[in-house]
Amino acid sequence: MIDQETIQRIVEASRIEEVIGEFVSLKKRGANHIGCCPFHNEKTPSFYVSPSKGIYKCFGCGEAGDVVKFLMKHEHYTYPEALRWLADKYHIEIKEEEQTEEEKQRQTERDGLFHVSEFAQKYFSDLLWNDEMGRAVGLSYFHERGMSDEVIKRFGLGYCLDEWSNFTDHARKNGYSDTVLEKTGLTIFRDADEGQKADTQQPDSAPQPTKRRAYDRFRGRVMFPIYSVSGRVLGFSGRILSKEKQAAKYVNSPDSDIYNKSRILYGLFQARSAIAKANKCFLVEGNVDVVSMHQSGVENTVASCGTSLTTEQIRLIKRYTPNVTVLYDGDSAGIKAALRAVDLLFAEGMHVRLVLFPDGEDPDSYAQKYGSTRLQEYLAEHEDNFIMFKTRVLLEGVKDDPIRKAELVSETARSIALVADMLERSEYVRQCSHLLHVSEDVLTNAVAKAIANKTKAEPGERKAESAGQNVENGEQKAESGELLVSNRLAPPPEVERHLAKLLLNYGNEKLYQTFQDENGKEQELAYSVAEIIVSEMESEQLSFSHPLCQRILEQCSLMVEMSGKVDTGRIMNSTDEQLRTFAITLMMDTYTLCEESWKKKDIYPPRIEDNLLQDVKDSLGTFKSLRLTQMIDERREQLLSTADADRQRQLLTEIKQYTDLLHQIGSRLGMVIQRNI
């Protein structure tokens with residue numbers, strides 16, 4: 001358990017823009033930071049981070065929360081894990097009791113998978129540096145590949161001894177169960193031979209339990225740990241060193257609750273800062289290529305984890321940059337792999353370039369042969385526009401065949417159609433039409449047809465994207481005027497929304513009002529924004545019509561009564577997801593006045609804080625006038641439906657009273673109220 005005082009210290013020390021900036025490429029915009037949302041696919045940034053309020057909000061999918069919620073959602077941490085991650089980042093000590101073996105076994109299964117993976121990485125690394133066989137075999141291999149000690153340690157590389165169950169036995173001794181060892185794939189369990197069991201079992205004896213033999217999956221391999229974006233060990237890739245033909249060159253961890261190879265990029269943890277800084281990502285084929293590129297000073301390099309490039313992996317890159325340069329071998333297999341990968345990249349709105357190495361070379365072999373300087377020069381000199389490259393490669397096999405030429409035009413058009421930017425697309429049309437010896441009109445029509453076919457094939461995706469644009473904070477706009485539409489709350493009336501926003505953003509701001517006491521002397525009294533709004537609403541027994549606005553009013557009223565101030569943290573930590581998300585939406589300012597630019601022109605626009613008292617008064621007055629208008633309309637309807645003379649007189653009196661109050665409020669607000677009895 002972490003005590004509340006420590007939790008408070010952790011939260012206060014955490015800078016949300018720094019934490020989220022480790023996972024998402026953010027750009028400063030006014031008082032906020034903005035980037036592409038990591039929780040859904042989007043091409044236009046709608047993910048806002050407010051450093052001053054310590055919150056984030058995506059106006060595309062509605063995801064919102066504070067720094068702890070972000071880590072829980074993005075990294076799938078538990079609440080204590082997120083706090084520990086922040087404590088480690090900001091060097092805050094957490095005092096905890098040493099866990100017993102029994103407590104270790106009671107940990108959740110998922111925690112166990114993380115813990116045994118991190119335990120394994122440390123063990124393999126220790127063997128590499130401190131075991132005689134580890135140094136002679138594993139470390140020698142890495143050194144022969146030109147890797148320095150510094151880069152080996154940066155990537156946490158290791159070695160697994162070539163023994164049947166050396167690691168498994170060590171893990172068991174340290175309290176790790178066979179269940180977590182098997183689920184992470186670190187250990188393979190097989191039943192003992194059925195024939196051997198039959199020989200040892202006596203005819204009349206009771207059935208013996210099945211014995212299972214344990215084998216280290218990665219025995220005799222050098223180890224490449226695979227990290228999450230935040231640096232947690234999720235799995236491993238092991239490369240064999242023997243020349244045994246039947247054994248696979250690489251063995252990877254199987255998918256588990258913490259590891260999914262299609263959603264992870266090897267080296268992203270080490271490369272993410274360099275990618276964001278360079279605004280470019282180099283994409284290579286293998287783990288050794290990644291380490292070799294880093295060794296050569298090209299640190300913005302990643303690779304897919306033992307699988308063809310996937311959409312999820314592309315979206316990981318896109319968090320940091322839209323620019324990708326694909327590096328593949330120059331042989332036919334490398335070219336085919338590049339052609340498959342790049343259409344996926346274009347479909348996700350990436351800007352793609354390509355570097356092909358000479359036949360028989362890859363980034364690692366080229367760096368070893370020519371050195372890091374020549375490698376960087378080669379990358380700079382041989383970057384090629386991918387669509388142009390693809391068109392040239394395919395054109396070589398066409399010759400004078402008109403049918404294959406038509407197919408090539410269609411194939412090129414399909415690739416160009418994947419490019420999101422219209423100007424970029426038109427430039428591709430111009431260049432490719434010249435290369436293919438067809439008119440721009442012909443290729444433009446082919447591209448338009450490809451776009452139409454693509455649009456027709458993705459109706460579900462377009463509907464989802466459209467819904468994301470029309471939903472703010474999970475509140476779909478009502479078409480029928482009802483409060484609930486399709487099980488979602490309709491947006492609140494603007495004045496209720498604004499008053500709730502004042503409570504959350506300025507609730508504790510002090511406002512000074514001047515009064516005359518019973519002796520006629522002027523006195524200045526200070527009241528907070530929340531005290532004024534709550535007092536006005538309660539004194540006239542008013543409530544908001546929208547349930548979420550009313551919930552905020554009630555919670556602020558309770559907090560003011562108990563402590564004299566509004567604690568927005570309590571609302572943000574509410575178990576009610578809808579309330580929490582709605583509150584964060586109100587607290588997030590997506591537009592910020594650029595005061596410095598106006599000051600240069602000697603223009604000083606007013607800020608909300610400068611006229612806060614007037615804003616509160618006007619907003620309360622507008623709310624009251626709308627409520628009075630509603631009450632007048634209700635009385636008018638009742639008047640038309642009743643024949644009772646006494647009831648009619650009562651209704652007319654109430655209408656007159658409400659109309660007089662409405663005129664008084666209108667006069668104060670400077671509005672003309674056109675209401676007659």
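Quick caveat: nothing in here was measured; it's all calculated off a predicted structure.
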For Lys369, does the NZ atom have more than 12 heavy-atom neighbours from other residues, nucleotides or ligands under 6.0 Å away?
no
If you round to the nearest 0.5 Å, how far is OG1 of Thr301 from CG of Leu265?
12.0 Å
Test: side chain to side chain donor-acceptor pair (under 3.5 Å). Region: residues 271-283. Which pairs qualify, not counting sequence neighbours?
Glu22-Arg272, Asn279-Thr321, Lys280-Glu383
Given 3.5 Å as the limit, does a donor-acceptor pair link the side chain of Asp131 with the main chain of Asp126, or not?
no
State, yes or no, whether a side-chain contact exists between Asp364 and Gln368 at a heavy-atom distance under 4.5 Å.
yes
Between Leu344 and Thr311, what is the shortest heavy-atom contact and its length?
CD2-OG1, 3.9 Å
Taking Gln295 for the side chain and Ser148 for the main chain, is one N or O donor matched with an acceptor at less than 3.5 Å?
yes
For the pair Glu182 and Arg212, evaluate side chain to side chain contact (heavy atoms under 4.5 Å, CB included) and give the outcome as yes or no after the intermediate values.
CA-CA 12 Å; Glu182 187 171 27; Arg212 303 174 76 210; 3.0 Å; yes
Would you please name every residue forming a salt bridge (Lys or Arg N to Asp or Glu O under 4.0 Å) with Glu75, sequence neighbours left out?
none
Any sub-3.5 Å donor-acceptor pair from Asn174's side-chain atoms to His170's backbone N or O?
yes
With the threshold set at 4.0 Å, does a side-chain nitrogen-carboxylate oxygen contact exist between Asp384 and Arg392?
yes
Quick one: does any side-chain atom of His294 pair with a main-chain N or O of Glu299 as donor and acceptor, under 3.5 Å?
yes
Examine distances only and state if a side-chain atom of Asp216 and a backbone atom of Phe218 form a donor-acceptor pair shorter than 3.5 Å.
no
Under 4.5 Å between any side-chain heavy atoms of Phe224 and Leu157, yes or no?
yes
May I ask you to decide whether Lys69 forms a salt bridge with Glu63, counting only side-chain N to carboxylate O separations under 4.0 Å?
yes
Aromatic contact between Phe23 and Phe70, with the criterion being ring centroids under 6.0 Å apart: yes or no?
yes
On the 0 to 90° scale, with breaks at 30° and 60°, tag the Phe386-Phe389 ring pair as parallel, tilted or perpendicular.
tilted
Considering only NZ, NE, NH1 and NH2 on the basic side and carboxylate oxygens on the acidic side, decide whether Arg84 and Glu81 come within less than 4.0 Å.
no
Check step by step if side chain to side chain contact (heavy atoms under 4.5 Å, CB included) holds for Leu327 and Phe357.
CA-CA 8 Å; Leu327 310 185; Phe357 285 88; 4.0 Å; yes
Check: Ser14 side chain, Ile16 main-chain N or O, donor-acceptor pair, under 3.5 Å
no
Going by heavy atoms in the side chains, are Thr391 and Glu411 under 4.5 Å from each other?
no
With the side chain counted from C-beta on, respond yes when Phe282 and Asp289 share a heavy-atom pair under 4.5 Å apart, and no when they do not.
no
Roughly how far apart are Arg232 CZ and Ser117 OG, rounded to 0.5 Å?
9.5 Å
Please test Tyr250 against Val288 for side chain to side chain contact (heavy atoms under 4.5 Å, CB included), starting from the C-alpha separation and ending with a verdict.
CA-CA 11 Å; Tyr250 278 95; Val288 173; 3.3 Å; yes
Between the main-chain N or O of Arg135 and the side-chain N or O of Ser140, is there a donor-acceptor pair closer than 3.5 Å?
yes
Closest approach of Ala303 to Gly286 (non-hydrogen atoms, all atoms of both residues)
CB-O, 3.8 Å
In the structure I gave you, are the side-chain heavy atoms of Val302 and Leu316 within less than 4.5 Å of one another anywhere?
no
Mind listing the closest non-hydrogen atom pair of Gly156 and Gln121 along with its distance?
O-NE2, 3.1 Å
Determine the minimum heavy-atom distance between Ala214 and Ser165, stating which atoms define it.
O-CB, 3.7 Å
Out of curiosity, Ile264 CD1 to Leu234 CG, how far, rounded to the nearest 0.5 Å?
4.5 Å
Does a side-chain N-to-carboxylate-O contact under 4.0 Å join Arg154 and Glu150?
yes
Sequence neighbours left out, what passes side chain to side chain contact (heavy atoms under 4.5 Å, CB included) with Gln431? Give chain and number order.
Met388, Glu427
Positive for ring-ring contact (aromatic ring centres under 6.0 Å, His included) with Phe124, one of Trp129, Phe236, Tyr159:
Phe236
What I want to check is whether the side chains of Asn252 and Tyr259 have a donor and an acceptor closer together than 3.5 Å.
no
Glu348/Lys318 salt bridge by N-O under 4.0 Å criterion:
no
I'd like to know if Lys183 and Asp257 make a salt bridge, using a cut-off of under 4.0 Å between side-chain N and carboxylate O.
no
Does atom NZ (Lys73) have a neighbourhood of more than 12 heavy atoms from anything else shown, all under 6.0 Å?
no
Under a 3.5 Å distance rule, please check whether Arg263 uses its side chain to pair with a backbone N or O of Glu312 as donor and acceptor.
no
Looking only at heavy atoms, which two atoms of Leu26 and Ile20 are closest? And how far apart?
CD1-CG2, 4.1 Å
Just verifying a value: how many Å separate Leu345 CG and Leu309 CG, rounded to the nearest 0.5 Å?
5.5 Å
Side-chain touch Arg217/Pro254, heavy atoms, less than 4.5 angstrom:
yes
Using a distance-only test with no angle check, is there a side-chain donor-acceptor pair under 3.5 angstrom linking Ser365 and Asp362?
yes
So Phe142 and Val151, do their side chains get closer than 4.5 Å, heavy atoms only?
no
Can you tell me how far CG of Leu86 sits from CD1 of Ile92, rounded to the nearest 0.5 angstrom?
8.0 Å
Any donor-acceptor N/O pair, Arg221 side chain to Lys249 backbone, under 3.5 Å:
yes
Hey, what do you get for OG (Ser46) to NE2 (His40), rounding to the nearest 0.5 Å?
4.5 Å
Answer yes if the side chains of Glu18 and Tyr90 hold a donor-acceptor pair under 3.5 Å, and no otherwise.
yes
For a quick test of reading the model, state the closest non-hydrogen atom pair linking Met147 to His143 and the distance between them.
O-CD2, 3.4 Å
Would a 4.5 Å heavy-atom cut-off, applied to side chains only, mark Leu186 and Thr168 as touching?
no
Describe, in one word, how the ring planes of Phe155 and Tyr266 are oriented to each other, choosing from parallel (under 30°), tilted (30 to 60°) and perpendicular (over 60°).
parallel
Kindly indicate, with the supporting measurements, whether the criterion side chain to side chain contact (heavy atoms under 4.5 Å, CB included) is fulfilled by Cys432 and Ile416.
CA-CA 9 Å; Cys432 289; Ile416 296 174; 4.2 Å; yes
Establish, from distance only, whether the side-chain atoms of Tyr141 and Arg145 form a donor-acceptor pair under 3.5 Å.
yes
